[in-house]
Amino acid sequence: MRHLPALALLLLLLGFGDERLLASALVCGRPRMLNRMVGGWDALEGEWPWQVSIQRNGSHFCGGSLLTERWVLTAAHCFSNTSETSLYQVLLGARQLVRPGPHAVYARVKRVESNPLYRGMASSADVALVELEAPVTFTNYILPVCVPDPSGAFEAGMSCWVTGWGSPSEEDRLPSPRVLQKLAVPIIDTPKCNLLYSKDAEAGLQPKAIKDDMLCAGFAEGKKDACKGDSGGPLVCLVGRLWLQAGVISWGEGCARRNRPGVYIRVTSHHDWIHRIIPNLQFQQAELGGQKRGPQVQQHLLDSVPRLAAHMLLSVLAALLALL
């Protein structure tokens, strides 16, 4: 009987650990607050709660998306120096960069893991994971996006959304207070995207090729696109009731140019690498979004997690007492 309190405490800690992981899986991709990229418009407060600003020496330079309480997904080309982590910070829960407001949180960076296959601008594997020094608390304004498992397919013509604080054109910066921009873009299949990039190519230069781990989205006529400062941000698609991250903003020729849609890195192509860095990350099957479970039901499930954990612990403790 002398060892029972210690055993009970261990079970309690394990129970709360599982509860925390379950809570993370239940809240991903479900904004609670539903009340200028090139051609885009202002985002609403809390509309894209996974969007983060990655900053160097206090200035925004890339976007990113929150995957868990400790990890952010972004582009590898955002980090030329991954060892000087003291230079970087991550802003979460913000709608605007100037005076972010009471819902925003700054987080220190512990480390940056760039995909080892990345070989420079416009190459494959332009993805990086940023670990925060301390876990952030989920709120109505800070929530993770869902990460699709390898079976997730984002078909041509599917309408998705890209968000960021990048420039509204190749020449201009966002005016103060630099409000988060959102833009709806259709997925373009790879053969068509390669065809578009082969048009109007500069004389003597080989057209850039869309690799297997890349995804195109945008418009052949141009006019609407991600731009400088949006790099590393998310391309998300609503599948059923879940927002899944299809891509990471990677590259393009200029911004919103004709026949030059935006190019993103497919998140599903780097499932194994992401899983290796974040073993506990819960990947979502696309069909889960189609289940007929509204946000209220999901929130009910989230609210019931502590009761379920307590019930399980009591059951285990009762069984142990019976054995003693």
Side-chain angles (χ1 to χ4, degrees), residues 36-41 62-63 65 73-78 115 117-128 148 150-164 166-171 181-239 243-271 273 286:
R36 220 156 285 178
M37 298 185 137
V38 184
W41 58 92
C62 271
S65 53
L73 178 64
T74 186
H77 79 255
C78 290
N115 193 307
L117 300 178
Y118 177 62
R119 293 293 179 266
M121 186 60 76
S123 84
S124 293
D126 184 14
V127 285
S151 67
F154 301 94
E155 304 294 342
M158 187 175 183
S159 182
C160 300
W161 289 81
V162 59
T163 49
S167 305
S169 71
E170 288 188 48
E171 297 81 22
Q181 301 294 289
K182 61 183 180 181
L183 174 67
V185 288
I187 302 293
I188 300 174
D189 66 52
T190 298
K192 180 179 178 180
C193 194
N194 270 316
L195 181 61
L196 290 174
Y197 266 87
S198 70
K199 295 180 178 180
D200 311 316
E202 293 184 37
L205 292 180
Q206 183 74 19
K208 291 186 176 71
I210 309 304
K211 309 293 198 316
D212 290 343
D213 73 334
M214 295 178 184
L215 179 71
C216 294
F219 305 89
E221 65 271 23
K223 298 182 181 179
K224 299 177 182 179
D225 195 8
C227 201
K228 184 178 180 182
D230 290 322
S231 290
L235 173 73
V236 296
C237 307
L238 184 60
V239 180
W243 285 98
L244 302 179
Q245 183 166 353
V248 175
I249 301 173
S250 181
W251 62 275
E253 286 187 12
C255 303
R257 294 182 186 177
R258 182 177 178 82
N259 297 325
R260 297 297 186 269
V263 184
Y264 305 78
I265 297 298
R266 289 181 186 269
V267 174
T268 54
S269 295
H270 298 282
H271 167 273
W273 174 75

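The chain is numbered in sequence order, starting from 1.
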Distance-minimising heavy-atom pair for Ala217 and Pro261:
O-CB, 3.8 Å
Out of curiosity, Ile210 CD1 to Cys193 SG, how far, rounded to the nearest 0.5 Å?
4.0 Å
Given the options Ser124, Ser269, Ser123, Asp213 meets side-chain hydrogen bond (donor to acceptor under 3.5 Å, both in side chains) only with Ser124
Is the backbone N or O of Ile249 less than 3.5 Å from a side-chain atom of Asp230, with the two atoms forming a donor-acceptor pair by type?
no
Side-chain heavy atoms of Arg260 within contact of Val263, under 4.5 Å
no
With the side chain counted from C-beta on, respond yes when Trp251 and Ser231 share a heavy-atom pair under 4.5 Å apart, and no when they do not.
no
For Val248 and Ala75, which heavy atoms make the closest approach, and how far apart are they?
CG1-N, 3.9 Å
Less than 4.5 Å apart, side chain to side chain, heavy atoms only: is that true for Val267 and Leu73?
yes
Which atom names give the shortest non-hydrogen contact between Ser65 and Gln245, and what distance separates them?
OG-OE1, 2.6 Å
So Trp273 and Val127, side chain to side chain contact (heavy atoms under 4.5 Å, CB included) or not? Walk me through it.
CA-CA 10 Å; Trp273 174 75; Val127 285; 3.8 Å; yes
Interatomic spacing from CZ in Phe154 to OG1 in Thr268 - rounded to 0.5 Å
6.5 Å
From Asp189 CG over to Met158 CE, what is the distance, rounded to the nearest 0.5 angstrom?
15.0 Å
Any donor and acceptor pair, going by atom type alone, linking the side chain of Thr74 with main-chain N or O of Gly63 inside 3.5 Å?
yes
For Ile265 and Ser250, run side chain to side chain contact (heavy atoms under 4.5 Å, CB included): C-alpha distance rounded to whole Å, both residues' side-chain angles, the deciding distance at 0.1 Å, then the answer.
CA-CA 6 Å; Ile265 297 298; Ser250 181; 3.9 Å; yes
Are the side chains of Leu235 and Val185 in contact, using a 4.5 Å heavy-atom criterion?
yes
Between the SG atom in Cys216 and the OH atom in Tyr197, the distance rounded to the nearest 0.5 Å is 6.5 Å
Can you confirm whether Thr190 sits close enough to Met214 that some side-chain heavy atom of one is under 4.5 Å from a side-chain heavy atom of the other?
no
For Ala128, does its backbone N or O pair with a side-chain atom of Asn115 as donor and acceptor, under 3.5 Å?
no
Check whether any side-chain heavy atom of Tyr118 sits under 4.5 Å from a side-chain heavy atom of Asp126, and report yes or no.
yes
Find out whether Ile188 and Phe219 are in side-chain contact, i.e. whether some heavy atom of one side chain is under 4.5 Å from a heavy atom of the other.
no
Do Leu215 and Ile187 come within less than 4.5 Å of each other through their side chains, counting heavy atoms only?
yes
